[in-house]
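A note on names: the letters A, B, ... follow the listed sequences, proteins ahead of strands, and every chain is numbered from 1.
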Amino acid sequence: MSKKIQAIRGMNDLLPEQSPLWQYFEHQVETLMQRYGYREIRTPILEQTALFARSIGEVTDIVEKEMYTFEDRNGDSLTLRPEGTAACVRAAMEHGLLHNQTQRLWYQGPMFRHERPQKGRYRQFHQVGVEAFGMEGPDIDAEVILLSARLWKQLGLYEHVTLELNSLGSLEARQAYRDKLVAYFEQHRDVLDEDSQRRLSSNPLRILDSKNPDMAEMLAGAPQLLDHLDTESRVHFEQLTARLDAAGIEYRINPRLVRGLDYYSRTVFEWTTTALGSQGTVCAGGRYDGLVEQLGGKPAPAVGFAMGIERLILLLETLDLVPADSQRGPDAYLLAMGERAEREALLLGETLRDALPTLSLQLHCGGGGFKSQIKKADKSGARVALILGEDEVEQGTVGVKFLREEREQASLSRDDVAEALSALLN
RNA sequence: GUGGAUGUAGCUCAGUGGUAGAGCCCCGGAUUGUGGCUCCGGUGGUCGUGGGUUCGAUCCCCAUCAUCCACCCCA
C-alpha cells in the first residue's frame with residue numbers, strides 16, 4: 001500500500017457516486033447567481049505570492065504558515081490561492097472592471113491551505129464566493145446576505161444555520177479600538193494563555209474569540225468593539241439590521257465575531273451550523289472597503305462572502321437533504337446478443353440519440369450472457385432494457401422490457417423505433 | 001504545528017504468538033434469451049510500511065506513513 005502512489009494528504013477525489021450531489025449544488029448556485037444579476041469570473045489558481053501577502057495580511061495564519069508557496073522556474077514566488085477574494089479583486093482591477101462602475105461577481109473553484117485535515121477541513125477545498133464592488137451603502141450588504149439566505153432555503157438548510165453579525169467599524173476606528181484592547185490585555189497579561197500572548201501583537205481582536213474558559217471572565221470585561229464604532233459605521237450597521245429585520249431574516253449580533261483576514265472592515269457575518277462538529281462555519285464574509293486601494297487601485301467599496309462547498313455537501317448529507325433523483329440511471333440500457341446484434345446495437349444507439357436528444361441511453365459493451373446483460377441493465381438504474389437478440393435482428397424489431405414498473409414487455413419495429421420508444425416512455 | 005483513536009479482501013468489520021475469516025460487492029451456475037428474492041459455487045489479502053523481541057509476529061515492542069476526531073485556524 002505505502003508503495004502505491006496516493007493522493008496528496010488532505011486532497012480528495014470526488015467519485016462518481018458523489019458528483020451528482022455536487023452538480024445539484026452547483027446548479028442551484030448558478031441559477032441563484034443569475035437570478036440576482038451576478039456574473040461569473042474565473043481566475044487562475046496560481047497567483048504571485050505578494051498578492052495574498054498584501055491582501056490577507058502578513059501576520060495572519062494563512063499567510064504565515066498555510067500557503068502552498070513555491071518558486072517558478074524563473075525564480076518568481078508563486079502561491080496556490082488560499083481564498084478567492086484577492087484574485088477576484090486583482091483580475092477586476094487588471095481588466096478595468098472597477099473603473100467608475102459597480103460590479104456583481106461570483107466565482108467557484110478549488111482553494112488550497114496547508115492545514116491539518118479533519119472533518120470539513122481539507123488542504124484542497126472548494127468555495128463559492130460573491131463579490132460586489134462600488135457600492136458603499138448597507139443595501140448591498142443586505143443583498144448578499146439575502147442571496148445566501150435564499151440559497152439555504154432552496155437547499156432546505158435555512159432552519160439549520162444561524163446568521164451571526166458584527167461590525168468592525170472603519171479601519172481607523174478599528175485601529176483605535178485595537179490599541180485600547182491591547183492596553184486592556186496588557187493589564188491582564190497574567191490571565192492570557194499562550195496562544196493569546198502570541199496574538200497580542202499579531203491579531204489581538206482574535207483573542208476575544210478564545211474558547212479558553214479560564215479567560216472568559218477577563219474577556220467579559222474587555223472593551224466592546226460595538227461601543228467603539230465610528231458614527232458612520234454605526235449608522236451603516238443599524239441600517240443593515242433594519243433591512244434584515246424588514247426581510248424577516250433572523251440574526252444574532254456577536255460582538256466577538258472577528259474575521260481572520262485583515263482586509264475586512266465594517267460589516268462581517270458568518271453562517272454557522274452545529275451539525276458539523278468543530279467546523280461550524282459554512283459561509284462567511286463581510287465588507288472590505290480598503291482592499292482595492294490597498295492593492296493599488298482607485299478606492300472602491302466592496303462586500304462579499306465565501307462558502308465552503310465540502311461543508312455544505314457534508315451538511316446536506318448529514319441532514320438527509322440529498323434529492324432523491326440525483327442518482328438517476330439512464331432512460332434505457334441497450335443490450336445485444338451475438339456478433340451481428342452487437343454491430344447493429346451500436347448503430348441503433350446512435351439512431352436513437354439522433355432522434356431523441358433528451359434520451360439517455362447506455363449501450364452494453366463487453367458481451368456476456370443474456371442474464372448477465374440484463375442484470376447489468378438493472379444495476380445501471382435504467383428504466384427500460386432495450387433488447388436486441390438474434391430473434392429481434394431476424395425480425396427487424398427491438399424488445400422493450402420495463403425494469404421498474406409492472407408493464408408488459410413490448411416489441412417495437414425498427415422502422416419507427418424512436419417514435420415508438422418515445423411514446424412508450426412518456 | 002499539538003494531542004488522542006484507528007490501519008486485516010473493492011466496501012463494512014470479526015479474529016488468533018503457529019503466515020487468516022464473515023457479510024456486502026463482483027463472476028458463474030440452478031433458469032439454451034429475461035434482472036430484483038432464494039439456493040449453490042468461485043475470484044479476491046505480501047493482515048499500512050520498516051525494524052526489533054521470538055524457534056515462529058497479522059497479533060507483543062519501537063519507528064514511520066496514512067486516515068479520522070479534537071486543539072489551533074478557518075470555508
Side-chain angles (χ1 to χ4, degrees), chain A residues 1-12 15 17 56 60-66 81-85 108-129 148 161 193-196 198-199 202-203 206 209-212 257-261 270-273 276-285 304-315 333 335-338 341 364 366 368-394 399-406 408-409:
Chain A
M1 284 290 255
S2 75
K3 281 174 191 161
K4 285 182 185 160
I5 296 179
Q6 288 179 285
I8 308 294
R9 176 171 215 189
M11 306 204 178
N12 300 309
L15 301 177
E17 200 174 335
I56 298 169
T60 57
D61 276 18
I62 292 178
V63 172
E64 273 183 340
K65 50 195 189 194
E66 293 175 1
R81 61 181 185 197
E83 57 99 46
T85 299
Q108 174 263 108
M111 307 294 164
F112 303 84
R113 290 182 201 170
H114 192 103
E115 299 182 271
R116 189 90 169 250
Q118 70 184 76
K119 186 178 188 179
R121 192 176 77 183
Y122 310 101
R123 290 186 172 180
Q124 175 176 336
F125 61 102
H126 297 77
Q127 287 185 332
V128 169
S148 57
V161 291
D193 58 24
E194 202 180 322
D195 276 331
S196 300
R198 181 172 51 78
R199 288 189 206 128
S202 60
N203 197 345
R206 284 223 65 93
D209 223 4
S210 173
K211 292 169 193 161
N212 188 339
L257 177 63
V258 190
R259 313 285 4 282
L261 287 59
E270 268 184 27
W271 289 95
T272 61
T273 174
L276 289 183
S278 69
Q279 310 304 323
T281 303
V282 118
C283 173
F305 65 73
M307 55 180 99
I309 303 184
E310 279 83 355
R311 288 183 187 178
L312 287 163
I313 295 284
L314 213 50
L315 192 53
Y333 188 100
L335 53 94
M337 294 296 294
H364 178 86
F370 197 94
K371 191 185 172 99
S372 83
Q373 290 198 33
I374 206 152
K375 223 168 178 171
K376 279 173 179 148
D378 182 41
K379 288 217 64 176
S380 77
R383 186 174 167 205
V384 299
L386 298 182
I387 299 166
L388 199 57
E390 285 165 10
D391 297 348
E392 285 80 2
V393 167
E394 208 60 45
V400 182
K401 179 181 172 66
F402 287 85
L403 297 170
R404 350 233 135 243
E405 51 211 299
E406 289 294 333
E408 196 112 345
Q409 183 164 334

Answer with yes or no whether R206(A) presents, from its side chain, a donor or acceptor under 3.5 Å of a partner atom in the base of C72(B).
no
According to the Watson-Crick and G-U wobble definitions, with both distances under 3.5 Å, which nucleotide is paired to G7(B)?
C65(B)
Table of protein N/O atoms under 3.5 Å from nucleotides 27-34 of chain B N/O atoms:
residue : atom : partner : partner atom : Å
G33(B)  : O6   : E390(A) : N            : 3.3
G33(B)  : O6   : D391(A) : N            : 2.4
G33(B)  : O6   : D391(A) : OD1          : 3.0
G33(B)  : O6   : D391(A) : OD2          : 2.9
G33(B)  : O6   : E392(A) : OE1          : 3.4
G33(B)  : N1   : E392(A) : OE1          : 2.8
G33(B)  : N1   : E392(A) : OE2          : 3.3
G33(B)  : N2   : E392(A) : OE2          : 2.8
U34(B)  : N3   : Q409(A) : OE1          : 3.1
U34(B)  : N3   : Q409(A) : NE2          : 3.2
U34(B)  : O4   : Q409(A) : NE2          : 3.1

Under 3.5 Å donor-acceptor pair, R121(A) side-chain atoms to C69(B) base atoms
no
Tell me the interatomic distance from F125(A), atom CZ, to C74(B), atom P, rounded to whole angstroms.
12 Å
In whole angstrom, give me the gap between the C1' atoms of G4(B) and A20(B).
30 Å
Among A75(B), G4(B), A66(B), the nucleotide that comes nearest once only the side chain of R116(A) is considered:
G4(B)
Distance, P atom - from C47(B) to G18(B), rounded to whole angstrom:
15 Å
Please determine which of M11(A), R81(A), Q127(A) meets the side-chain contact (heavy atoms from CB on, under 4.5 Å) test together with P110(A).
R81(A)
Opposite nucleotide pairing with C13(B), Watson-Crick or G-U, both atom distances under 3.5 Å:
G21(B)
Any strand counts, and the cut-off is 3.5 Å on both contacts for Watson-Crick or G-U wobble. Which nucleotide pairs with U34(B)?
none
Given C74(B), G35(B), U67(B), which nucleotide is nearest the side-chain atoms of R113(A)?
C74(B)
Keeping R113(A) on the side-chain end and K65(A) on the backbone end, is there a donor-acceptor pair under 3.5 Å?
no
Sticking with atom C1', work out how far G29(B) lies from U64(B), rounded to a whole angstrom.
48 Å
Counting side-chain heavy atoms from C-beta on, which of C68(B), G35(B), C74(B) comes nearest to P117(A)?
C68(B)
Write down the distance separating the C1' atoms in U49(B) and U6(B), rounded off to the nearest Å.
16 Å
Write down the distance separating the P atoms in A5(B) and A63(B), rounded off to the nearest Å.
13 Å
G1(B) - base-pair partner by Watson-Crick or wobble geometry, distances under 3.5 Å
C71(B)
What contact category does G120(A) fall into here, base, sugar-phosphate, or nothing, at under 4.0 angstrom with non-hydrogen atoms?
base
Are side-chain heavy atoms of R116(A) and R9(A) found at a separation under 4.5 Å?
yes
Distance between the P atoms of U43(B) and G28(B), in whole angstroms?
15 Å
Interatomic distance at C1', C13(B) relative to A9(B), whole Å
11 Å
Quickly work out the Y122(A) OH to C69(B) C1' distance and round it to whole Å.
12 Å
Regarding Y333(A), tell me which of base, sugar-phosphate or nothing describes its non-hydrogen contacts under 4.0 Å with the strands shown.
nothing
Using the P atom as the reference point in each nucleotide, state the distance between C27(B) and G35(B) in Å, no decimals.
14 Å
With respect to E270(A), which candidate in V282(A), V161(A), T281(A) satisfies the side-chain contact (heavy atoms from CB on, under 4.5 Å) definition?
T281(A)
